[in-house]
Amino acid sequence: MGFGSNVHSQAPEKVTLLVDGTRFVVNPQIFTAHPDTMLGRMFGPGREYNFTRPNEKGEYEIAEGISATVFRTVLDYYKTGIINCPDGISIPDLRDTCDYLCINFDFNTIRCQDLSALLHELSNDGAHKQFDHYLEELILPIMVGCAKKGERECHIVVLTDEDSVDWDEDHPPPMGEEYSQILYSSKLYRFFKYIENRDVAKTVLKERGLKNIRIGIEGYPTCKEKIKRRPGGRSEVIYNYVQRPFIQMSWEKEEGKSRHVDFQCVRSKSLTNLVAAGEDVLEDQEILMHHPPQVDELDRLNAPLSQMASNDFQD
């Protein structure tokens with residue numbers, strides 16, 4: 001009997017699902033109570049005929065890459081609304097199966113002995129949603145500000161609400177921290193304390209199309225501790241550093257690399273007059289005729305091994 005609407009008092013039909021080489025003969029009516037799942041859309045009242053087609057034996061081959069053992073466990077959801085995860089089935093495998101079948105993976109659905117693994121997955125879900133909020137409300141405005149200045153990347157240091165930055169104007173920190181953007185947020189600081197949350201944040205940023213993503217913990221100078229007098233009257237300011245999270249990312253395809261060929265010629269002397277400038281132009285043209293353009297280090301790294309000189313591998 002086909003999937004027509006004139007079932008009336010006919011006996012419930014059976015369908016055969018082929019998963020990982022194992023056949024499951026089920027009554028498709030168990031899927032009707034869950035129309036938002038994949039199997040509910042396949043066999044529910046609003047059947048999607050084009051979703052999948054049976055093979056020559058009338059069997060539906062579904063859930064490619066999912067083991068039959070995990071699928072048998074997930075079938076309980078359509079009978080009881082609960083998935084009882086037995087020993088021997090990992091929570092990540094169960095999670096992947098639920099995602100494939102469009103089954104909500106939450107505490108109301110999953111029952112298992114390994115609470116640590118279950119809570120880990122739930123934390124990843126929560127971290128993903130939380131960082132989406134932080135990205136839109138806190139991080140994106142800073143990135144837009146950098147873009148308006150012509151920047152192609154952004155380095156953000158996350159400080160707590162209680163942190164304060166007091167640098168000596170005459171002796172700023174020597175490491176280039178003045179180019180970092182400061183974000184005061186104790187909530188984001190606590191979020192980034194966990195390496196798992198930093199991994200989730202990287203995933204979110206990649207999903208949003210950002211490149212060259214780095215998230216970690218680094219020392220950041222907040223205020224000067226003391227001033228040392230060096231021989232010759234030179235002063236050196238010693239700063240107090242605190243360990244704080246940072247985010248670095250770019251919105252260009254390749255950071256620091258031009259899409260065009262650059263013929264660069266570095267001059268060590270300055271031009272003093274137009275006559276000297278004309279002579280330098282002639283010298284530059286001669287250099288370009290006899291010497292190839294400089295090779296970008298990224299080009300060396302991306303070049304095939306057969307094209308790299310043997311001395312490139314020397315220390």
Side-chain angles (χ1 to χ4, degrees), residues 123-160 163 165 167 172-222 239 241-264 266 292-309 312-315:
S123 291
N124 284 345
D125 289 343
H128 195 290
K129 295 178 182 178
Q130 190 64 57
F131 187 73
D132 273 333
H133 171 74
Y134 289 144
L135 178 60
E136 295 291 338
E137 298 296 326
L138 302 177
I139 300 174
L140 185 56
I142 297 178
M143 296 168 60
V144 171
C146 291
K148 288 182 177 180
K149 297 177 183 178
E151 299 289 343
R152 306 289 174 171
E153 61 180 348
C154 187
H155 185 104
I156 301 175
V157 177
V158 181
L159 302 181
T160 67
D163 288 333
V165 177
W167 291 353
M175 298 300 291
E177 281 86 353
E178 65 271 17
Y179 300 108
S180 299
Q181 306 296 320
I182 299 178
L183 172 58
Y184 291 96
S185 174
S186 296
K187 293 182 179 180
L188 187 57
Y189 163 77
R190 287 192 295 268
F191 178 88
F192 279 137
K193 285 199 310 181
Y194 302 100
I195 188 173
E196 294 85 359
N197 287 351
R198 299 200 292 269
D199 290 339
V200 171
K202 289 180 182 178
T203 300
V204 173
L205 294 174
K206 288 179 180 178
E207 292 173 352
R208 301 296 293 270
L210 296 171
K211 315 291 182 183
N212 304 308
I213 302 166
R214 292 178 59 233
I215 302 178
I217 306 294
E218 66 181 1
Y220 189 79
T222 54
Y239 278 86
Y241 282 76
V242 293
Q243 296 297 312
R244 294 295 182 262
F246 74 91
I247 317 172
Q248 182 173 328
M249 57 218 146
S250 171
W251 41 91
E252 299 297 342
K253 291 183 178 180
E254 295 182 75
E255 177 185 3
K257 184 176 180 181
S258 173
R259 296 185 179 89
H260 306 283
V261 178
D262 293 329
F263 294 92
Q264 298 179 354
V266 180
Q294 297 178 356
V295 179
D296 195 290
E297 288 300 324
L298 291 177
D299 292 331
R300 290 183 180 273
L301 295 177
N302 294 329
L305 292 178
S306 60
Q307 298 180 8
M308 298 178 67
D312 288 342
F313 296 95
Q314 298 178 0
D315 294 332

Taking every non-hydrogen atom, the tightest pair across Ala201 and Phe192: CB-CE2, 3.8 Å
Closest non-hydrogen atom pair, Trp251 against Cys154: CZ3-CB, 3.8 Å
CG on Asn212 to CG on Leu205, rounded to 0.5 Å: 12.0 Å
Side chain to side chain contact (heavy atoms under 4.5 Å, CB included) partners for Val242, two or more places apart: Thr222, Asn240, Arg244
Partner residues of Glu207 under the side-chain hydrogen bond (donor to acceptor under 3.5 Å, both in side chains) criterion, sequence neighbours left out: His128
Gln243 side, atom CD; Glu218 side, atom CD - distance, nearest 0.5 Å: 8.5 Å
Pairs involving residues 136-156, ordered by first then second residue, that meet ring-ring contact (aromatic ring centres under 6.0 Å, His included) (sequence neighbours left out): His155-Phe246
Check against side chain to side chain contact (heavy atoms under 4.5 Å, CB included), Tyr184 and Val165: CA-CA 11 Å; Tyr184 291 96; Val165 177; 3.6 Å; yes
pair Phe131-Thr203: side-chain heavy atoms closer than 4.5 Å: no
Ile182 side chain reached by Tyr220 side chain, heavy atoms, under 4.5 Å: yes
ring-ring contact (aromatic ring centres under 6.0 Å, His included) against Tyr189, all qualifying residues, sequence neighbours excluded: none
Residue pairs involving residues 189-202 (criterion salt bridge (Lys or Arg N to Asp or Glu O under 4.0 Å); sequence neighbours excluded): none
Distance, nearest 0.5 Å, that separates CD of Glu153 from CD1 of Ile213: 13.0 Å
Separation between CD of Gln181 and CD1 of Ile156, rounded to the nearest 0.5 Å: 7.0 Å
Using distance only, find each side-chain donor-acceptor pair of residues 136-152 under 3.5 Å and give its atom names and separation, not counting sequence neighbours.
from: Glu136; atom 1: OE2; to: Arg208; atom 2: NH1; distance (Å): 3.1
from: Glu136; atom 1: OE2; to: Arg208; atom 2: NH2; distance (Å): 2.8
from: Arg152; atom 1: NH1; to: Glu252; atom 2: OE2; distance (Å): 2.9

